[in-house]
Amino acid sequence: MQKVDHVGIAVKSIEDSIGYYIHTLGLKLLAIEEVASQNVRVAFVDAGNVKLELLEPMSDEGAIAKFLDKRGEGVHHIAFGVTDIRSRMAELKEKGVQLLQDEPKPGAGGAEVAFLHPKSSFGVLYELCDKSGKGE
Ligand code: CMX
């Protein structure tokens, strides 16, 4: 893993929570976009050395809707920036880590992403996030 790219935070509503990050904490909003493959709308906030990704469900279906239902709002995942995501996935699989998919999926900002099951990562949902095709 190279670095933490972002921390994912589940929120019921970006509209209701974004003011806290921008006006109360004084951070900068970078972008808002829909990630159809994950059924979420996301807002990226610049927190200096790392981004915060606010995740709002686009319907009652999907991982974020389920998380909010079971656990409420809060930290959802930590994303590592990687290059060559398929090789990283293969290495982790070889080391016994359970991946949540066999192939990377399209994520926010044109990244390719894959998730590691929290059960094989000591209770933390980790994401691998490869933006090497995007000049980052
Ligand atoms: N962090 C840590 N543990 C988590 C978790 C999370 N975010 N979400 C679920 N878990 C735990 C649950 O507490 C539960 O543990 P127990 O069995 O001890 O109760 C276990 O994982 C199974 O959870 P579940 O509620 O039954 O949920 P599912 O099995 O249906 O799904 C998960 C859990 C992680 C496999 C699913 O959320 C997933 O596939 N996530 C990957 C995709 C994703 O999260 N997309 C949204 C982000 C999109 C983006 O960043 O763009």
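As the structure lists them, so they are numbered: ligands from 1, and atoms in each ligand from 1. Any value given below was found using the heavy atoms of this structure, including those in side chains, with hydrogens, waters and symmetry copies removed. This chain uses plain numbering: 1 for the first residue, then up along the sequence.
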Answer yes or no for atom 19 (O) of ligand 1: protein heavy atom present at a distance under 4.0 Å?
-> no
Looking at atom 32 (C) of ligand 1, what's its closest protein heavy atom, distance included?
-> Leu100 CD1, 4.4 Å
Could you pull out, from Gln38, Arg71, Lys70, the option with a heavy atom nearest to atom 3 (N) of ligand 1?
-> Arg71
Using 4.0 Å as the upper bound for N to carboxylate O, is an ion pair formed by Arg86 and Glu112?
-> yes
In terms of side-chain heavy atoms, does Glu53 have a donor or acceptor partner in His76 at a distance below 3.5 Å?
-> no
With respect to atom 34 (C) of ligand 1, which of Ala111, Pro118, Ala114, Gly62 exhibits the smallest heavy-atom separation?
-> Pro118
Tell me which one of His76, Glu127, Gln101, Gln98 gets a heavy atom nearest to atom 44 (O) of ligand 1.
-> His76
Identify which of Arg41, His77, His6, Lys66 has a heavy atom lying nearest to atom 29 (O) of ligand 1.
-> Lys66
List, one per line, each side-chain donor-acceptor pair under 3.5 Å for residues 88-97, sequence neighbours excluded.
unit_1	atom_1	unit_2	atom_2	d
Arg88	NE	Glu91	OE1	3.3
Arg88	NH1	Thr83	O	2.9
Arg88	NH2	Glu91	OE2	2.9

Nearest 0.5 Å please: distance from the CG atom of Leu55 over to the CD1 atom of Ile9.
-> 8.5 Å
Closest protein heavy atom (residue, atom, distance) for atom 49 (C) of ligand 1 = Leu55 CD2, 3.7 Å
Going by the atom numbers of ligand 1, which of them fall below 4.0 Å from some non-hydrogen atom of Glu53?
-> 50 (O), 51 (O)
Counting only heavy atoms not in Glu33, do more than 12 sit closer than 6.0 Å to its CD atom?
-> yes
4.0 Å protein heavy-atom contact status of atom 9 (C) of ligand 1, strictly under = no
Establish, yes or no, whether a centroid distance under 6.0 Å links the rings of Tyr126 and His77.
-> no
Is there a donor-acceptor contact under 3.5 Å linking the side chains of Asp84 and Ser132?
-> no
Atoms in ligand 1 with a heavy atom of Ala63 nearer than 4.0 Å = 37 (O), 43 (C), 44 (O), 45 (N)
Which residue holds the protein heavy atom closest to atom 47 (C) of ligand 1, what is that atom called, and what is the gap in Å?
-> Phe115 CZ, 3.9 Å
Should the heavy atoms of other residues, nucleotides or ligands under 6.0 Å from CG of Asp60 be counted, would the total exceed 12?
-> no
Within the distance-only criterion (no hydrogens, no angle test), does the side chain of Asp46 pair as donor or acceptor with the backbone N or O of Lys51 below 3.5 angstrom?
-> no
Return a yes/no value: protein heavy atom under 4.0 Å from atom 22 (C) of ligand 1?
-> no
Identify, for atom 17 (O) of ligand 1, the protein heavy atom at the shortest distance, and state residue, atom and that distance.
-> Lys119 NZ, 3.3 Å
Under 4.0 Å from one or more heavy atoms of Gly123, ligand 1 contributes atoms 2 (C), 3 (N)
